[in-house]
Amino acid sequence: MRIVERINRDLLKPVLETSWRFYAIVVVCGAVVAWALFCWGWQLHYGIGVTGKRRPEFWSLYITNFVFWIGISHAGTLISAILRVANAGWRRPVTRCAEAITVFALLVGSMFPIIHMGRAWLFYWLVPYPNDRMLWPNYRSPLIWDFFAITTYLIGSLIYLYLPLIPDLALLRDKASGWRGRLYYILSLGWRGTETQWHRLEKAVSIMAIVIIPVAVSVHTIVSWDFAMTINPMWNSTIFAPYFVTGAIFSGIAALIVAMAVLRHVLHLERYLEEKHFSNLALLLLVMSLLWAYFTFSEYLTVWYANEPAEMAVFWSKVWGPYSPLFYTMIVCCLVIPVPIIAIKKTRRVWLVAIASLFVCAGMWLERFLIVVPTLGHPRLPFNWRGYSTTWVELSITAGTFAYFILLYVLFAKLFPIISIWELKEGRRHEEEIVVKSDDVEASAFQF
Amino acid sequence: MSQWGMVIDLNKCTGCEACVVACRTENNVPIAGEEQTVMGRQINWIRVERYWEGEYPDLKASFMPVLCQHCDAAPCESVCPVYATTHSPEGLNVMTYNRCVGTRFCANNCPYTVRHFNFFEPKWDAPLDQALNPEVSVRPNGVVEKCTFCVQRLHTGRARAKAEKRELTDDDVRPACVQACPTTAMYFGDVSNPESEVSKQGESPRAFHLLGELGTKPRIIYLKREA
Amino acid sequence: MTSKHLHFSFEGPDRARRAVRELERAGVVRSRVTVMSGEPFLEIDDPLAAAHPSHIGWFSLAGGVVGGLAGFALVYLSSHSYPLVTGAMPIVPPMTTGIVVYETTAIGAIVATLLRMLWETALPGWKKLRSDYDAEIEDGGIIVSTEASSEDENKLRSILSAAGGREMA
């Protein structure tokens with residue numbers, strides 16, 4: 001069988017054929033999501049008091065989740081856009097997995113500013129729209145910057161996911177039937193694959209890659225400024241912007257590795273998501289882990305050395321006090337476990353790297369929690385210090401959003417090829433051409 | 001235009017908390033109950049912070065009534081996404097409860113932790129629900145609230161002065177806490193008028209701003225307690 | 001004079017390029033020849049792209065400028081329509097306004113890129129899909145399609161067959 005036909009068959013199989021595993025995942029995730037929806041309804045009815053929030057910890061798990069998911073969303077941009085700009089061929093099978101993570105992580109993450117609001121049904125007041133009472137949002141507030149940044153990034157990511165998807169949608173249009181054939185017919189916009197179309201598509205995608213990188217950097221910078229713009233101890237730090245962006249890329253790559261490892265196993269994509277892809281991503285993960293450790297050390301060293309009382313109260317609560325078990329767990333998960341697994345070539349295998357990435361995801365969630373809650377628990381007037389404990393509502397909604405993300409991702413992988421087929425074909429051809437040319441065989445003689 | 005300010009003399013404060021009781025009565029502050037208070041959700045627009053010094057039997061207690069400082073450079077105001085808290089031309093940090101959507105960003109950014117949130121629908125056990133002040137709104141579930149310098153009394157006082165065709169004086173406007181303090185440890189009035197009681201008290205050499213080094217420019221001057 | 005589309009499938013970009021050259025030599029206008037494929041073979045013939053260079057880049061830039069100006073106007077005008085002082089900051093602080101303008105610039109560039117790309121690629125284009133397309137491209141073939149009047153039909157058919165093409169139904 002020719003390579004093209006084999007690629008088509010292997011990568012369309014998950015879309016065109018459905019196994020019991022798909023239905024099982026949908027049912028389980030759906031159940032968790034339904035439970036989380038019930039909990040949210042409970043919270044809307046009774047009030048934010050059903051969570052563990054209190055004075056002075058007015059933000060806790062929901063904002064932790066918000067920052068966590070927006071962080072995960074940086075996976076797509078790094079892999080897809082930066083590697084595309086750098087012309088790295090190994091990105092090809094990975095781009096769509098990554099871009100899909102970005103879109104769904106943004107969708108899930110952007111639910112949290114609404115979930116955590118006291119009067120969530122009025123969330124649209126943060127949107128600038130003309131009204132009789134001349135009421136507009138306050139552009140000096142970091143939450144409004146959040147709104148603009150996340151909306152821009154979401155629209156940008158959706159377009160960045162959709163554009164390279166169009167030719168694959170055309171492929172599906174030609175292969176699928178029934179209601180799905182109809183869906184792909186509409187979504188592929190009548191793509192014919194003419195030279196002009198290919199040229200313009202590639203040009204648009206290159207421009208998008210260049211534009212989306214500064215947008216992605218700005219998004220998590222602005223999210224970090226939700227904290228850095230305050231005068232709270234250990235929040236008002238200039239390092240937060242690069243710290244958060246680094247942490248975002250770090251957790252994003254980890255999430256991508258986990259997603260890819262699962263897809264590779266369940267959808268039998270071993271031929272396409274190869275060891276080398278995981279190895280390359282793992283090396284990037286290693287770099288980000290060390291970078292994250294560097295920023296964390298800088299942050300804690302400067303606080304400890306300057307010895308300012310308000311900041312030291314927060315510092316001690318994390319390093320020696322009630323939050324210290326979580327703090328050291330975070331360090332183990334983000335640094336101690338992944339670095340040796342990845343650095344040693346023998347252990348840099350798909351499954352081990354995926355397990356290390358799971359630890360990284362857990363560690364980074366803890367990192368977000370440790371940024372939000374200890375500072376809030378130790379305000380400048382010590383009379384108001386307090387510990388924190390969570391409730392079933394908060395935990396259920398957290399679990400529900402994880403389930404929701406998995407559900408959206410699985411549905412996406414069912415409806416659309418999770419590996420970019422045309423890009424893979426293009427990449428294979430370029431590789432073979434290089435090999436052929438180096439063998440001094442006439443290029444036009446190669447059979448495809 | 002008056003510029004409102006307050007002076008609290010810590011020499012005179014006995015920590016009796018009459019101000020706390022007066023404030024919650026005047027301003028329809030909801031009751032949290034024992035369980036919620038232990039958790040930390042009680043709402044006290046003014047609270048008396050108490051710090052212990054020394055070891056038994058040489059213990060000393062320091063009291064400090066802390067309320068919204070109505071900072072001229074309030075860190076809480078700029079972070080509200082919907083303008084629910086802004087600065088009035090008379091120097092008050094005003095709350096617009098109808099506009100608050102409950103993001104609680106302002107509450108996080110207040111270094112004095114004087115902002116409170118309605119975690120549940122506010123309730124008063126009978127017969128306290130008969131004692132609500134009709135001049136003050138009852139805040140709904142999910143809204144942030146804090147000390148307003150009894151702005152309703154300001155409005156009433158101004159209206160009365162206007163009706164009686166005279167200038168507004170400091171005696172017309174007295175917040176509930178200032179009125180209730182048995183040792184007259186609190187003064188309130190127009191700080192732009194050098195003759196007012198509050199301006200004269202503020203000139204004391206014992207004067208300081210709480211957390212003044214943060215640059216919030218609070219409108220409340222504390223007078224240091226002499227040992 | 002009726003015209004129909006001739007679809008010939010070729011293996012490999014070199015054969016397709018040769019076919020296009022033969023057609024041009026026979027007098028067919030380049031813009032009436034379409035090359036369709038399931039993956040980009042941009043080395044087949046770039047003059048189409050060069051003759052009508054893409055303006056997507058300029059539109060992205062323009063979209064960014066428009067977005068940035070719109071963002072600034074939004075912040076400036078709406079803040080002044082109901083000016084409220086917060087935290088001793090000016091009504092329109094430069095740095096915070098700059099952040100919002102940055103984001104609206106980006107969204108302007110992004111949307112302009114998409115719209116211009118759709119325009120230049122003539123998408124959505126379901127009508128053309130019905131008249132001039134063959135699903136053979138999805139299995140690896142490169143289709144060279146040309147519009148032929150009834151007189152030229154046989155001549156063009158023989159040119160394309162000689163170049164190594166296989167006619168599609």
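The sequence lines fix the lettering, A, B, ..., with proteins before strands; numbering per chain opens at 1.
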Give the member of [options] that has the highest number of heavy-atom pairs under 4.5 Å with chain A.
options	answer
Met117(C), Lys127(C), Glu138(C)	Glu138(C)
Ile143(C), Ile107(C), Thr105(C)	Ile107(C)
Tyr82(C), Trp126(C), Tyr102(C)	Trp126(C)

**OP:** Would you check if the side chain of Trp198(A) reaches a backbone N or O of Ser37(C) as a donor-acceptor pair within less than 3.5 Å?
**Re:**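 Confirmed, Trp198(A) side chain pairs with Ser37(C) backbone.
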Subject >> Arg192(A) (side chain) donor-acceptor with Met36(C) (main chain) under 3.5 angstrom >> reply: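 Between the backbone of Met36(C) and the side chain of Arg192(A) there is no qualifying donor-acceptor contact (under 3.5 Å).
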Part of [X] lying under 4.5 Å from any heavy atom of chain C:
X	result
Phe147(A)	neither
Val215(A)	both
Trp136(A)	side chain
Ile159(A)	side chain
Glu423(A)	neither
Pro137(A)	neither

Original post:
Measuring heavy-atom distances to chain A, does Pro40(C) have an atom under 4.5 Å in its side chain, in its backbone, in both, or in neither?
Top reply: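 Contact with chain A: backbone and side chain both.
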Subject >> Segment of Arg130(C) engaging chain A (4.5 angstrom heavy-atom cut-off) >> reply: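 Contact with chain A: side chain only.
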Original post:
So, Asp139(C) and Lys175(A), do they make that salt bridge, N to O below 4.0 Å?
Top reply: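 Yes, Asp139(C) and Lys175(A) are salt-bridged.
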**OP:** Measure the spacing between CG of Asn138(A) and OG of Ser78(C) and express it to the nearest 0.5 Å.
**Re:**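 Reported to 0.5 Å precision, the distance equals 10.0 Å.
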Subject >> Shortest non-hydrogen contact from Gln197(A) toward Thr121(C) >> reply: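 Shortest heavy-atom contact: NE2-O, 3.1 Å.
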**OP:** Compute whether any side-chain donor of one residue and acceptor of the other, for Glu120(C) and Thr196(A), lie under 3.5 angstrom apart.
**Re:**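 Not at all, the side chains of Glu120(C) and Thr196(A) share no donor-acceptor pair under 3.5 Å.
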